[in-house]
**Student:** 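Got a structure for you, written out below as structure tokens; questions coming shortly.
For clarity, every value in this text was computed on a predicted model and none was experimentally measured. Numbering of residues begins at 1 and proceeds along the displayed sequence. Every heavy atom of this structure was used, including side-chain atoms; hydrogens, water molecules and symmetry mates were not.
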Amino acid sequence: MTTILEALRDNPYPGRLILLARTLNGELTAGYALTGRSEASRGRRMEITASGELTVVPVGATGHDNLRHYVAATADERWTVYGNGEQVTEVAARLAKGLAPGSALDDLSYEPDPPICTPRITAVVDRVGQRSWFGAARRPEGERESADTTVVALGDLAPGQAVMLSTYQSDGGTVPTARRHLDLSTTAQDADALLEDLWAALDPRFVVAATAFAPITGVQGPTRHA
């Protein structure tokens, strides 16, 4: 099976990515990473708020940009949600109102950043039942402007198995959007090791930040910045 390193070697500029793995210690472990080409995209960092949410915030005097700065991960007593934009808060609110994950991930749109039209990618983890879902809202490859939404209910992960979804499949020149999730393998023992493997796999020309955490217990975990 393809490793995280091999997958990202073939995708030097993944944009933002979400990852879910079962590390060798048996723990369900989430990963999230930011990459960027522009100065504004690289001028970001991850911070945990006083309320326990993982946020992506600007560095320095850069103003707030809804597409670059957002709540990236949040958790309540039942659900952990993480992803690449403001839809994370919306999906969490829908789940809190009682919607099922498939419905909570439906009816989203891709980002309004033509000509790329970056997909919105989101992971939902049931902290009680330990089930997981990946959702992606993408612009179709044809002429339609309406979003196509894909929701995947992930099967159980055995230790050493991982699933990854990125916004782009790119060499950093042209920026095609990624069209599917990848099933991968990992030899990481725990969240710290998973972060180290993810960090080592990300291209240093584009990497901005990455984190790993146990979604069953919350969204705080080891974090690295370029």
Side-chain angles (χ1 to χ4, degrees), residues 2 4 6-20 30-46 54-60 62-73 81-91 105-124 133-152 163-182 184 198-199 201-211 225-226:
T2 303
I4 295 170
E6 291 167 338
L8 290 174
R9 184 181 293 151
D10 291 337
N11 186 16
Y13 180 50
R16 286 156 288 177
L17 67 84
I18 55 177
L19 176 72
L20 188 65
Y32 184 67
L34 308 171
T35 61
R37 297 186 302 169
S38 68
E39 183 178 352
S41 291
R42 295 187 61 78
R44 296 182 290 175
R45 63 179 289 107
M46 294 180 183
L54 176 69
T55 57
V56 177
V57 300
V59 173
T62 305
H64 182 84
D65 179 336
N66 288 339
L67 295 182
R68 292 189 176 97
H69 313 130
Y70 47 84
V71 173
V81 184
Y82 57 104
N84 71 324
E86 60 187 13
Q87 82 279 3
V88 168
T89 300
E90 174 63 23
V91 170
L105 290 165
D106 197 14
D107 195 29
L108 300 174
S109 186
Y110 50 83
E111 293 184 355
D113 63 338
I116 297 175
C117 299
T118 299
R120 294 195 191 275
I121 56 174
T122 317
V124 171
W133 294 258
F134 272 9
R138 303 182 179 91
R139 180 171 179 174
E141 295 181 285
E143 296 298 319
R144 287 185 295 117
E145 294 186 359
S146 56
D148 283 348
T149 304
T150 302
V151 179
V152 179
V163 184
M164 184 174 73
L165 178 60
S166 62
T167 56
Y168 308 139
Q169 181 72 38
S170 171
D171 59 6
T174 59
V175 188
T177 56
R179 309 307 296 184
R180 64 183 183 89
H181 65 276
L182 301 176
L184 306 175
L198 180 58
W199 192 260
L202 292 163
D203 193 305
R205 295 174 297 168
F206 305 116
V207 64
V208 175
T211 188
H225 293 92

**Student:** What are the two closest heavy atoms between A209 and H225, and how far apart are they?
**Tutor:** CB-CD2, 3.5 Å
**Student:** Take H181 and V152 through the test side chain to side chain contact (heavy atoms under 4.5 Å, CB included) and record every step on the way to the result.
**Tutor:** CA-CA 9 Å; H181 65 276; V152 179; 3.9 Å; yes
**Student:** Starting at CZ of R180, measure out to OG1 of T150 and round the result to the nearest 0.5 Å.
**Tutor:** 12.5 Å
**Student:** How far does OG1 of T2 sit from CE of M164, to the nearest 0.5 angstrom?
**Tutor:** 9.5 Å
**Student:** For residues L108 and A147, report the shortest heavy-atom separation together with the two atoms involved.
**Tutor:** O-CB, 3.7 Å
**Student:** Nearest 0.5 angstrom please: N84 CG to T122 OG1, how far?
**Tutor:** 6.5 Å
**Student:** Classify the ring geometry between Y70 and Y32 as parallel (under 30°), tilted (30 to 60°) or perpendicular (over 60°).
**Tutor:** perpendicular
**Student:** Find the distance between SG (C117) and CD (E141) and round it off to the nearest 0.5 Å.
**Tutor:** 12.5 Å
**Student:** If we check side-chain contact (heavy atoms from CB on, under 4.5 Å) with T118, which of these qualifies: V175, L67, T167?
**Tutor:** T167
**Student:** Using atom types as modelled and distance alone, determine if a side-chain donor or acceptor of T35 lies under 3.5 Å from a backbone N or O of G15.
**Tutor:** yes
**Student:** Within this structure, what is the CG-CZ distance for the pair L20 and F134, rounded to the nearest 0.5 Å?
**Tutor:** 5.5 Å
**Student:** For residues S146 and P140, report the shortest heavy-atom separation together with the two atoms involved.
**Tutor:** O-CD, 3.0 Å
**Student:** Quick one: side-chain hydrogen bond (donor to acceptor under 3.5 Å, both in side chains) partners of D65, sequence neighbours excluded?
**Tutor:** R68
**Student:** Can you list the residues that meet the side chain to side chain contact (heavy atoms under 4.5 Å, CB included) rule with T89, with sequence neighbours excluded?
**Tutor:** V71
**Student:** Not counting sequence neighbours, which residues clear side chain to side chain contact (heavy atoms under 4.5 Å, CB included) with V151? List them please.
**Tutor:** L105, W133, T149
**Student:** Is there a side chain to side chain contact (heavy atoms under 4.5 Å, CB included) between L8 and L198? Walk through the geometry before answering.
**Tutor:** CA-CA 9 Å; L8 290 174; L198 180 58; 3.8 Å; yes
**Student:** If you take all heavy atoms of L202 and A210, which pair is closest and at what distance?
**Tutor:** CD1-CB, 4.3 Å
**Student:** Go through the steps for R138 and R179 under the test side chain to side chain contact (heavy atoms under 4.5 Å, CB included), then give the verdict.
**Tutor:** CA-CA 8 Å; R138 303 182 179 91; R179 309 307 296 184; 3.9 Å; yes
**Student:** Taking all heavy atoms of R120 and all of G85, pick out the closest pair and write down the distance.
**Tutor:** NH1-CA, 4.5 Å
**Student:** Distance from I4 atom CD1 to L184 atom CG, nearest 0.5 Å?
**Tutor:** 6.0 Å
**Student:** Salt bridge check: are R16 and E111 linked by an N-O gap of less than 4.0 Å?
**Tutor:** yes
**Student:** For the backbone of I121 and the side chain of Q87, can you confirm whether one donor and one acceptor N or O come within less than 3.5 Å of each other?
**Tutor:** yes
**Student:** Please work out which of the three classes, parallel, tilted or perpendicular, describes the rings of H64 and H69, given edges at 30° and 60°.
**Tutor:** tilted
**Student:** Side chain of R9, backbone of A201: donor and acceptor closer than 3.5 Å?
**Tutor:** no
**Student:** Checking the side chain of R37 only, and the main-chain atoms of G173 only, is there a donor and an acceptor separated by less than 3.5 Å?
**Tutor:** yes
**Student:** Could you pull out the closest heavy-atom pair between L19 and Y82, with the gap in Å?
**Tutor:** O-OH, 2.9 Å
